[in-house]
Amino acid sequence: MLSRAEYIEIGERLTMALMSGDFALYEGVMVLQLRIVPLRGKGYKLATADRLREDFDLYHRNLKLHCVTDLVREVLDIVHPAEGEAAVTVRMEMLAGGQRIVEPWEMTQHLWRTPDGWRIYRIESSLGHIDWTLGRAAIRDGGFRARDEDA
């Protein structure tokens with residue numbers, strides 16, 4: 001079973017990878033074919049290392065664009081739907097210089113135990129967060145806003 005401490009360590013590696021631009025570290029916590037699923041809307045799959053890298057680069061670029069200095073995950077729940085599987089629900093906060101730049105949102109990461117340790121195979125998050133990651137939304141007025149919304 002995945003413990004809270006094990007998940008926190010995975011989350012810290014994920015944050016370090018995204019903040020520093022370390023793709024190898026990021027790739028080390030993911031499983032291909034990674035599914036990204038918004039709570040509303042259509043999801044997508046990252047089936048190759050090249051696609052995972054493109055998605056990673058977009059996220060890393062957006063973090064830098066908004067001067068994000070930290071991603072904070074508060075573990076809300078861990079369930080184990082089957083042997084070697086875990087679903088971890090977290091409350092996410094995005095900070096720039098210690099200040100929250102977007103309202104917190106919930107995300108669930110699904111993990112499998114592999115011979116190399118626990119790896120993320122599915123991420124469920126808000127549509128705004130996913131659209132922001134893909135460059136289709138901006139952070140404005142404390143939230144993720146579609147680029148075509150009035151500023």
Side-chain angles (χ1 to χ4, degrees), residues 2 6-79 81 84-97 100-149:
L2 177 69
E6 286 173 307
Y7 175 76
I8 289 170
E9 193 271 328
I10 292 166
E12 288 174 357
R13 282 190 286 149
L14 188 55
T15 295
M16 185 182 310
L18 287 165
M19 297 305 301
S20 70
D22 185 341
F23 178 70
L25 184 59
Y26 182 79
E27 189 176 32
V29 299
M30 300 297 181
V31 170
L32 295 174
Q33 174 163 279
L34 176 66
R35 286 217 17 98
I36 310 293
V37 182
L39 300 178
R40 293 186 323 263
K42 186 177 179 185
Y44 60 98
K45 293 179 187 176
L46 302 173
T48 67
D50 287 343
R51 284 287 295 124
L52 183 66
R53 178 66 191 233
E54 289 171 17
D55 197 71
F56 170 82
D57 287 344
L58 282 169
Y59 204 108
H60 177 67
R61 236 184 341 263
N62 279 329
L63 292 172
K64 294 299 177 198
L65 176 69
H66 291 281
C67 302
V68 174
T69 55
D70 203 8
L71 299 169
V72 179
R73 290 169 189 79
E74 175 191 355
V75 176
L76 302 176
D77 192 31
I78 300 177
V79 296
E85 265 188 79
V88 183
T89 301
V90 297
R91 178 176 295 115
M92 292 292 303
E93 290 197 70
M94 192 178 292
L95 307 175
R100 181 187 300 155
I101 63 170
V102 66
E103 287 301 313
W105 72 98
E106 287 187 15
M107 173 174 40
T108 301
Q109 295 176 326
H110 299 261
L111 299 94
W112 280 323
R113 182 191 307 271
T114 72
D116 298 322
W118 289 94
R119 301 269 180 107
I120 299 167
Y121 71 89
R122 179 182 174 103
I123 298 171
E124 298 169 0
S125 192
S126 73
L127 180 60
H129 172 243
I130 292 170
D131 279 348
W132 174 80
T133 300
L134 296 172
R136 298 187 301 225
I139 294 176
R140 200 169 48 247
D141 302 324
F144 297 112
R145 307 285 182 238
R147 291 211 179 272
D148 59 357
E149 286 182 25

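Because only heavy atoms are used, hydrogens play no part in the values below, and waters and symmetry mates are left out as well, while side chains stay in.
A salt bridge does not link R51 with D55: every distance from a Lys NZ or Arg NE/NH1/NH2 to an Asp or Glu carboxylate oxygen is 4.0 Å or more.
In this structure, CD1 on I130 lies 7.5 Å from CG on L134, to the nearest 0.5 angstrom. To the nearest 0.5 angstrom, L34 atom CG is 11.5 Å from K45 atom NZ. We find the CD1-OG1 distance between I10 and T15 to be 12.0 Å, quoted to the nearest 0.5 Å. How far CD of E124 is from CZ of R122: 4.5 Å, rounded to the nearest 0.5 Å. To the nearest 0.5 angstrom, D22 atom CG is 8.5 Å from M16 atom CE. Residue R119 holds its CZ atom at 8.0 Å from CD of E27, rounded to the nearest 0.5 Å.
Proximity of a side-chain donor or acceptor of R35 to a complementary backbone N or O of Y121 within less than 3.5 Å is not detected. Proximity of a side-chain donor or acceptor of N62 to a complementary backbone N or O of W132 within less than 3.5 Å is detected. D131 places no side-chain N or O within donor-acceptor distance of the main-chain N or O of R136, the cut-off being under 3.5 Å. Side-chain atoms of T69 come within 3.5 Å of backbone atoms of G97 as a donor-acceptor pair (strictly under, hydrogens ignored).
Residue M30 is tested with I123, L46, L111 for a side chain to side chain contact (heavy atoms under 4.5 Å, CB included); the sole match is I123.
Residue G128 comes nearest to A137 through the heavy atom pair O-CB, 4.1 Å, listed as atom of the first residue, atom of the second, then distance. The two residues A87 and H110 have their closest heavy-atom pair at CB-ND1, 3.6 Å. For the pair R140 and A146, the tightest heavy-atom approach, listed with the atom from each and the gap, is NH2-O, 3.5 Å. Considering all non-hydrogen atoms of both residues, W118 and G84 come closest at CZ3-O, 3.6 Å. Counting all heavy atoms, side chain and backbone alike, G43 lies closest to P38 at CA-CD, 3.5 Å.
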Run V102 and H66 through side chain to side chain contact (heavy atoms under 4.5 Å, CB included) and show every step you take.
CA-CA 11 Å; V102 66; H66 291 281; over 6 Å; no

Take R53 and Y26 through the side chain to side chain contact (heavy atoms under 4.5 Å, CB included) test and state the conclusion after the steps.
CA-CA 9 Å; R53 178 66 191 233; Y26 182 79; over 6 Å; no

Check the pair V68 / L18 against side chain to side chain contact (heavy atoms under 4.5 Å, CB included), numbers first and verdict last.
CA-CA 10 Å; V68 174; L18 287 165; over 6 Å; no

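Looking at heavy atoms from C-beta onward, F23 lies in side-chain contact with L52 at the 4.5 angstrom threshold. Contact check for I36 versus T133: no side-chain heavy atoms found under the 4.5 Å cut-off.
Classified by interplanar angle (parallel below 30°, tilted 30° to 60°, perpendicular above 60°), the ring pair H60/F56 is parallel. The aromatic rings of H129 and Y59 sit perpendicular to each other, their planes meeting at more than 60°, with 30° as the lower class boundary.
The salt bridge (charged side-chain N to carboxylate O under 4.0 Å, His left out) analysis of residues 59-78, with sequence neighbours excluded, yields the pairs E74-R91.
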